[in-house]
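Here is the structure we will look at.
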2 protein chains.
Amino acid sequence: MLLPSPQQLRYLVALADHGHFGRAAAACAVTQSTLSAGLIALERQLAAALLERGTAVKRPVFTPLGLELVARARTALAALEAVAETAAMARDPHSGPLRLGVIPTIGPFLLPRLMPALRAAYPRLRLWLREDLTERLVAGLEAGRLDLLLLALPAAGTMETLPLAEDPFRVALPRGHHLANRDSVPVAALAGERLLLLEDGHCLRAHAEAACGLPRGLANSGDEGFAATSLHTLVQMVAGNLGVTLLPQLAIDGGVLGDSPVEVRRLDGAAAPGRMLALAWRPRSPRSAEFAGLAPVVAAALA
Amino acid sequence: MLLPSPQQLRYLVALADHGHFGRAAAACAVTQSTLSAGLIALERQLAAALLERGTAVKRPVFTPLGLELVARARTALAALEAVAETAAMARDPHSGPLRLGVIPTIGPFLLPRLMPALRAAYPRLRLWLREDLTERLVAGLEAGRLDLLLLALPAAGTMETLPLAEDPFRVALPRGHHLANRDSVPVAALAGERLLLLEDGHCLRAHAEAACGLPRGLANSGDEGFAATSLHTLVQMVAGNLGVTLLPQLAIDGGVLGDSPVEVRRLDGAAAPGRMLALAWRPRSPRSAEFAGLAPVVAAALA
DNA sequence: GGAGCATGATCGATAGAACCGATTGAAACC
DNA sequence: GGTTTCAATCGGTTCTATCGATCATGCTCC
């Protein structure tokens, strides 16, 4: 079978991405004529029409088959990259760019400690950071825009996960709150309180609801008309006597409380309420071993 | 990122397959010098040692990284082939080579009817047949040596399956057997009989054991020292009064009984004892649509 | 309606890569 | 020790991907 050349597939994918011959060619670092000729050659080799020729003008229009082939070309190119990347990692591990995604309820509290540690352990690693909600990070990982995620389990998506450490939930109460008398607060006692949580989309919200045995979306139900957008905001709301909340131990250790008049207590529940911090990457990634090797450094920064 | 050329990856895979530069080169339709130079160029591009150079002689020895890259090269080449194949199928469906694997308890009874039907429906299809046990067929499918399987569910393996038709089990009894008095035989009645089955490895054996609620490997337990190797043999053993057996309706319709003094009766059980005939192919195969299109033809041959 | 503009296809020339055939170097076998 | 097998190397040839320039086409705006 005559295989299509990777270069031609790159042209095809670039054209799909940019919707413009000239810009696609620039992205491939070739001239427009080269890209155009390459695509025509590809169509001839495959004996199939990939683009609507002649009629449309303003932007290239793909045939249904063309779109299908774009998708397959992406996976083929990714597979080729995996070959090269495997070799690169074997030659020189823990170096080069690493695009790390972190969720907002971990990043601000762990990165100040983690980044120096990583820099010290792997000086040749060039770390790019992206902070976003779990769902968008997972999408970025699957699309190849990110290499590694630092998130909280459980999380949905097809990825390899490596649990790092349990991150237990604590109750945050306004100073002088009646529940603050005790050493620890039973989960059941929260039923009588106004429970404030992050806005929807944050995995911490779902995890906290699960920990309290709440059905999804019960907390914050329209009371104030707005939900907290960060743990710092949430602490301010608790300090302002608007209610109580759950905070992960990691955030408390990371100084989310500042000098707010807020007290934290342990939370007693059937199954140690909390979340599991973890690393995640694409299954069969060439860098799996490298990523797993980072785990001790991250775990040390957590401890 | 500089991608490795598909040709060089083919050299690498061919060398792994043949263990010999000259034969690998012949398989790639190039001279030995070309293949050798190609591999050296690949090693230089990846800046990694793939082969143990200098020391060993009698056959090429791969480094651990080399073996890893061979595996990744296989998947990359398969992905490239999928691009070309997708285009080929869109251009000219139901044509070209189709490597079909069939299990021995289906093939002899279905193919005589199926092959002419397929030839009539898709004259340009060039059908290659391989008859083997389910496990080996699935391995062949996953390795890319086969394109499509015709087998019985349930079966293990990562593949897309399309159920075609139920194939109920019948009881085969020697003529004059006391169970032959009735119209149908309850599953429970088989407990008192010597149940003959195919030798281990045949999925029909496992399916029959499951249908009878038997633990695996109970039937045929060392009685005669040998198990049947085909359904034809099995019928002869029943005719010889060695015991009773289960036969799929498909085999009976296909004439497995011949003129043996064997009678068949329906089998009464909780959940209609039988197996499900199905087509199976690699997930995301470019030819999924084509294979699914074959289903009606196969189903017609079954009816 | 015609000039100007943007976009993609085409053409000729060229540099680099792939490949072949022959040869060399080295280890193993008889 | 001579022979055989095997892989690496070398010089020459062919092929092809690419460039720069040009052409064809359809839209936009005056």
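Below, chains carry the letters A, B, ... as their sequence lines are ordered, and counting in each starts from 1. All values derive from a computational prediction rather than experimental measurement.
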Checklist entry - Just checking B:A25: base, sugar-phosphate only, or nothing, at a heavy-atom cut-off of under 4.0 Å? => result nothing
Checklist entry - Considering only C:dA18, D:dG20, C:dC20, which nucleotide approaches the side chain of B:T31 most closely? => result C:dC20
Checklist outcome for this item: note: A:L39, atom CG; D:dT16, atom P; distance rounded to Å ~ 18 Å
Next on the checklist: Within the supplied structure, the quantity of interest is the number of heavy atoms (other residues, nucleotides, ligands) at a distance under 6.0 Å from A:E135 CD; does it exceed 12?
Outcome noted: no
Checklist entry - Rounded to the Å, how far apart are A:H20 NE2 and C:dG8 C1'? => result 9 Å
Item to check | Sugar-phosphate only, base, or nothing, as touched by A:A29 at under 4.0 Å among non-hydrogen atoms | outcome: sugar-phosphate
Next on the checklist: Nearest whole Å is fine: how far is D:dT5 P from B:R23 CZ?
Outcome noted: 12 Å
Checklist entry - Nearest 0.5 Å, what's the CG-OG distance between A:L279 and A:S288? => result 11.5 Å
Item to check | Phosphate-side-chain proximity, A:Y11 and C:dG8, N/O vs OP1/OP2 below 4.0 Å | outcome: no
Are there any protein N/O atoms within less than 3.5 Å of an N/O atom in nucleotides 9-16 of chain C, and if so, which ones and at what distance?
{"from": "C:dA9", "atom 1": "OP1", "to": "A:R53", "atom 2": "NE", "distance (Å)": "2.7"}
{"from": "C:dA9", "atom 1": "OP1", "to": "A:R53", "atom 2": "NH2", "distance (Å)": "2.8"}
{"from": "C:dA9", "atom 1": "OP2", "to": "A:S36", "atom 2": "OG", "distance (Å)": "2.4"}
{"from": "C:dA9", "atom 1": "N7", "to": "A:Q32", "atom 2": "NE2", "distance (Å)": "2.9"}
{"from": "C:dA9", "atom 1": "N6", "to": "A:Q32", "atom 2": "OE1", "distance (Å)": "3.1"}

Item to check | Summary of side-chain hydrogen bond (donor to acceptor under 3.5 Å, both in side chains) pairs that have at least one residue in residues 61-71 of chain A, sequence neighbours excluded | outcome: A:E68-A:R72
Next on the checklist: How close do B:A278 and B:P163 get, counting heavy atoms only, and between which atoms?
Outcome noted: CB-CA, 3.8 Å
Item to check | Set of residues satisfying side chain to side chain contact (heavy atoms under 4.5 Å, CB included) with respect to A:D132, sequence neighbours excluded | outcome: A:R130, A:R136, A:L137
Checklist entry - Under the side chain to side chain contact (heavy atoms under 4.5 Å, CB included) test, which residues partner B:S33, sequence neighbours left out? => result B:T31
Item to check | B:T34 OG1 to B:L39 CG distance, which is reported to the nearest 0.5 Å | outcome: 11.0 Å
Checklist entry - Who are the salt bridge (Lys or Arg N to Asp or Glu O under 4.0 Å) partners of B:E81, not counting sequence neighbours? => result none
Next on the checklist: Without decimals, in angstroms, what is the distance between B:Q7 CD and C:dA17 P?
Outcome noted: 16 Å
Checklist entry - Are A:D92 and A:R124 close enough, and set up right, to give a salt bridge (charged side-chain N to carboxylate O under 4.0 Å, His left out), and what steps lead you there? => result CA-CA 10 Å; A:D92 191 14; A:R124 299 197 313 284; 2.6 Å; yes
Checklist entry - Taking atom C1' of C:dG8 as reference, at what distance in whole Å does atom NE2 of A:H18 sit? => result 17 Å
Checklist entry - Whole-Å distance between C:dG8 P and A:L50 CG? => result 15 Å
Checklist entry - When all nucleic acid strands are considered with a 4.0 Å heavy-atom cut-off, which category describes A:G22: base, sugar-phosphate, or nothing? => result sugar-phosphate
Item to check | Distance in angstrom units between B:L3 CG and C:dA17 P, rounded | outcome: 16 Å
Checklist entry - Can you list, by residue number, the residues of residues 66-86 of chain A that have a non-hydrogen atom closer than 4.0 angstrom to DNA chain D? => result none
Checklist outcome for this item: B:Q8 CD to C:dA18 P, in whole Å, measures 6 Å
